[in-house]
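Single-structure report; data block below.
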Amino acid sequence: MAWLILLVAGLCEIGWSTGLKYTEGFTRLTPSILTVGAMIVSIVLLGIALKTLPVGTGYAVWTGIGAVGTAILGIFLFGESTDFMRLASIGLIVAGIVGLKLTSAV
């Protein structure tokens, strides 16, 4: 169950990190409220997951999910680069997340 909670926390991190772009420096009310809400939910869920998971593994997976998801959304929503090195680097982050999951005792 902790891994599922961590996944949802990571998805919320994708939401708030992408949402930062839409807040325009927290000058737009609705995107700012949604972004801060996603931040709170993400951190709370991370804290719940870390009751069971090792902190290093949980935090690394959480940030990895956020980094990969945000990079992918950046490509689709904002036209960011899709060059080979960028995609390979995203792949390495995914490999790290999978490796941490496979080597976790929980």
Please tabulate, for the side chains in residues 70-81, all donor-acceptor contacts under 3.5 angstrom to protein atoms that are two or more places apart in sequence or on a different chain.
from, atom 1, to, atom 2, distance (Å)
Thr70, OG1, Ser17, OG, 2.5
Thr70, OG1, Gly66, O, 2.6
Glu80, OE1, Arg86, NH2, 2.8
Ser81, OG, Asp83, N, 3.1
Ser81, OG, Asp83, OD2, 3.4

Subject >> ILVMFWY network linking Leu34 to Leu45, side-chain heavy atoms under 4.5 angstrom >> reply: no
Original post:
Would Trp16 end up clustered with Ile40 when hydrophobic side chains under 4.5 Å apart are linked, directly or stepwise?
Top reply: yes
Subject >> Residues that Thr35 engages under side chain to side chain donor-acceptor pair (under 3.5 Å), provided they are two or more places apart >> reply: none
Original post:
Side chains of Leu6 and Leu53: does their closest heavy-atom pair fall under 4.5 Å?
Top reply: yes
Original post:
Is the closest side-chain heavy-atom distance between Leu20 and Met39 below 4.5 Å?
Top reply: yes
Original post:
How long is the span from the OG1 atom in Thr52 to the CE atom in Met1, to the nearest 0.5 Å?
Top reply: 10.5 Å
Original post:
To the nearest 0.5 Å, what is the distance between CG (Leu92) and CE (Met85)?
Top reply: 8.0 Å
Original post:
Tell me the ring-ring contact (aromatic ring centres under 6.0 Å, His included) pairs involving residues 86-106, sequence neighbours left out?
Top reply: none
Original post:
Which pairs pass side-chain hydrogen bond (donor to acceptor under 3.5 Å, both in side chains) with one or both residues in residues 20-34, sequence neighbours excluded?
Top reply: none
Original post:
Sub-3.5 Å donor-acceptor pair from the side chain of Thr18 to the main-chain atoms of Gly15, do we have one?
Top reply: no
Do you know which two heavy atoms are closest between [X] and [Y], and how far apart they sit?
X	Y	answer
Gly58	Leu46	O-CD1, 4.1 Å
Gly69	Ile14	CA-CD1, 3.5 Å
Val68	Ile93	CG2-CG2, 3.4 Å

Run the side-chain donor-acceptor check on residues 95-106: report pairs under 3.5 Å with partners two or more places apart or on a different chain.
from, atom 1, to, atom 2, distance (Å)
Thr103, OG1, Gly99, O, 2.9
Thr103, OG1, Leu100, O, 3.4
Ser104, OG, Val106, N, 3.2

Original post:
Is Ile33 isolated, or which residues cluster with it under the ILVMFWY side-chain rule of less than 4.5 Å, directly or via members?
Top reply: Leu29
**OP:** Go through the structure and list residues passing ring-ring contact (aromatic ring centres under 6.0 Å, His included) with Tyr59, not counting sequence neighbours.
**Re:** Trp62
